[in-house]
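Comments concern the structure below.
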Amino acid sequence: MSSRYPEQVDVAIVGSGPAGAAYARILSEEAPDATIAMFEVGPTVSDPPGAHVKNIADPDERARAQLRSEGPSAHDDGDRVGGIVKTAQRRARPGTFLLEDGYQVEGEDGLPVAAFSSNVGGMAAHWTGACPRPNDSERIDLLGEGDLDELLSEGERLLGVTTDAFETSPYGQIVRDRLAAAADEGRSERTRVQRMPLAVHRNDEGRLVWSGSDVVLGDVTRDNPHFTLFDESLVTRVLVEGGQAAGVAVTDRRTGESHEVRARFVVVAGDALRTPQLLWASGIRPEALGRYLNDQAQIVFAVRIRDLVAADASAQSGATGLSEYSGVTWVPFTDEVPFHGQVMQLDASPVKLAEDDPAAPGSIVGLGLFCAKDLQATDRVEFSADAVDGYGMPAMTLHYRLTEHDRQVFDRAKAEIVRLGRAIGEPLDDRPFMMPLGASLHYQGTTRMGAADDGASVCSPNSEVWALAGLFVAGNGVIPTATACNPTLTSVALGVRGAREIASRLLTSK
Ligand code: FAD
């Protein structure tokens with residue numbers, strides 16, 4: 001049987017989430033003659049490929065798309081078994097699957113609900129789409145003055161970020177005003193309470209359309225005759241020749257056959273746990289690989305908005321997955337108040353939906369505060385030389401410990417969330433709830449960027465791996481700072497810079 005893969009391309013991209021898609025998009029725009037192959041281990045579950053599953057109007061079809069994203073054990077033979085290990089304590093969000101073993105070593109805190117998505121579009125076919133910019137110590141200084149902002153603007157363009165999709169939400173202003181009264185004092189304009197920038201827009205019929213990798217790829221990539229996306233294709237190894245990246249070994253999951261595809265540049269964008277896994281499996285093992293793993297611990301609290309006049313029932317979300325009563329409100333991270341606040345209707349938050357109030361639908365709001373981790377090199381993902389995961393790749397073990405500082409930040413966050421909640425309305429519970437570690441789905445640091453090859457970073461500010469020329473890494477693992485804000489916009493921004501670097505090298509070597 002002949003292979004469906006090309007023998008040679010200019011750029012091989014591993015992973016079709018927003019970070020990989022950003023490379024394909026910028027290369028299509030800036031180096032339109034370059035041949036690009038994108039490999040994705042999961043299936044195509046939406047149309048156009050990579051589209052957010054919330055845009056699928058039919059609930060059964062949407063549920064099936066989520067299920068098919070839930071990894072190597074997911075199957076739908078009538079029993080609809082999605083992902084793996086779902087217990088009361090360890091639950092995966094729809095469209096994701098949990099790390100089966102190795103999520104917690106005895107005596108450590110671990111990341112009990114560390115999760116993945118395997119589908120064209122990656123986790124961004126299932127995400128909430130919050131795209132805040134990093135602030136204060138979340139920012140990445142090593143890119144140079146002003147550079148990060150320009151890249152973030154590009155990231156917003158690629159992700160289709162807007163702030164007005166929920167403009168007409170009846171309760172949005174009330175929530176923002178009450179939060180602002182409680183939180184804005186002493187904050188600069190940039191860090192005041194505001195609408196959350198979201199990767200969503202309204203189509204001509206007024207319906208919300210959530211951005212996934214389809215939006216990042218855009219027509220320019222889909223129409224690029226030199227770009228091909230291969231789904232159900234597991235990259236098992238980065239090929240190395242003469243001290244350079246030289247391509248990838250890929251297994252066609254439809255046939256089980258393995259092939260080699262030569263490439264001048266390889267971009268690994270397989271999420272913050274599977275990108276280091278692929279490097280490790282390829283024998284590329286710099287000291288910082290898998291280290292500085294960090295997740296944003298999440299504290300949640302629910303309140304009923306005080307003194308509400310019932311809003312128009314037409315604000316119901318229907319199939320869009322997010323109530324349109326108040327949209328999403330952002331309380332930015334600052335070094336003084338080191339939490340990222342995301343306030344939204346409960347059906348879009350990880351808090352269990354409280355019973356609806358027939359008198360005032362949409363009156364229950366979930367507050368979430370994400371905390372930045374105290375970074376430690378010892379927090380890491382390790383890979384096994386013998387044991388394998390469901391895809392046959394090196395099995396992972398997560399080493400993860402909270403520090404005394406982390407626990408102090410959580411205590412502060414708990415007090416702050418109650419204060420903010422009370423400003424909006426009446427709490428549903430006495431105490432805030434801490435989500436199991438890993439629930440944020442924002443794992444970072446494992447292929448972190450650094451200014452120099454000093455053992456504390458894996459890649460350069462261009463995202464090129466120090467240890468191997470021509471190999472680029474992408475995704476949240478590249479972020480070197482401890483962020484509390486949702487990281488995808490930042491990852492896409494960093495990807496823009498890496499992609500520009502590849503485009504410029506391709507153009508100068510023509
Ligand atoms: P991913 O989207 O995970 O994509 C990586 C892809 O690579 C996967 O499809 C995977 O199958 C593939 N892959 C891995 N290894 C291989 C291999 N060896 N060969 C071939 N393919 C491979 N983030 C935000 O910023 N804001 C939010 O509001 C937000 N909300 C979220 C809500 C939910 C329910 C979920 C699930 C996630 C949310 N996230 C949010 C996280 C966000 O989706 C991720 O940060 C983002 O998708 C990361 O992009 P990525 O391209 O780096 O990785």
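Both ligands and their constituent atoms are indexed starting at 1 by order of listing.
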Inset, instruction - Might you point out which heavy atoms bring Leu198 and Val328 nearest each other, and give the distance in Å? - result: CD1-CG2, 4.0 Å
Inset, instruction - Would you kindly specify which portion of Glu40 sits under 4.0 Å from ligand 1, judged on non-hydrogen atoms: side chain, backbone, both or neither? - result: both
Legend entry - Electrostatic pair Lys373-Asp379, nearest N-O below 4.0 angstrom: yes
Legend entry - Residue part near ligand 1, for Thr236, under 4.0 Å between non-hydrogen atoms: neither
Inset, instruction - Answer yes or no: is there an ion pair linking Glu464 with Arg497, defined by an N-O contact shorter than 4.0 Å? - result: no
Legend entry - Aromatic ring proximity, centroids under 6.0 angstrom, Tyr400 and Tyr103: no
Inset, instruction - Would you kindly specify which portion of Met123 sits under 4.0 Å from ligand 1, judged on non-hydrogen atoms: side chain, backbone, both or neither? - result: both
Inset, instruction - Pull out every atom of ligand 1 sitting under 4.0 Å from any heavy atom of Thr96, numbered as shown with elements. - result: 36 (C)
Inset, instruction - Would you check whether Leu278 has a nitrogen or oxygen atom less than 3.5 angstrom from a nitrogen or oxygen atom of ligand 1? - result: no
Inset, instruction - Heavy-atom distances under 4.0 Å are what count here, so tell me which part of Ser233 touches ligand 1: side chain, backbone, both or neither. - result: backbone
Legend entry - Structural part of Cys131 in contact with ligand 1, heavy atom criterion under 4.0 angstrom: neither
Legend entry - Nearest candidate to atom 8 (C) of ligand 1, where distance is taken over non-hydrogen atoms, out of Ser117, Gly477, Gly15: Ser117
Inset, instruction - Measure from the ring center of His340 to the ring center of Phe333 and say whether it is less than 6.0 Å. - result: no
Inset, instruction - Specify whether Phe166 and Trp210 have parallel, tilted or perpendicular ring planes, treating 30° as the upper limit for parallel and 60° as the lower limit for perpendicular. - result: tilted
Inset, instruction - Could you tell me whether ligand 1 has any atom less than 4.0 Å away from a heavy atom of Gly95? - result: no
Inset, instruction - Take every heavy atom of Gly129, measure it against each atom of ligand 1, and state whether any distance is under 4.0 Å. - result: yes
Inset, instruction - Specify side chain, backbone, both or neither for His442, according to which of its non-hydrogen atoms lie closer than 4.0 Å to ligand 1. - result: side chain
Legend entry - Phe339 ring center within less than 6.0 Å of Phe370 ring center: no
Inset, instruction - Measure Val14 to ligand 1 on non-hydrogen atoms and call it side chain, backbone, both or neither using the 4.0 Å cut-off. - result: side chain
Inset, instruction - For atom 38 (C) of ligand 1, state which one of Trp127, Phe230, Tyr391, Phe116 supplies the nearest heavy atom. - result: Trp127
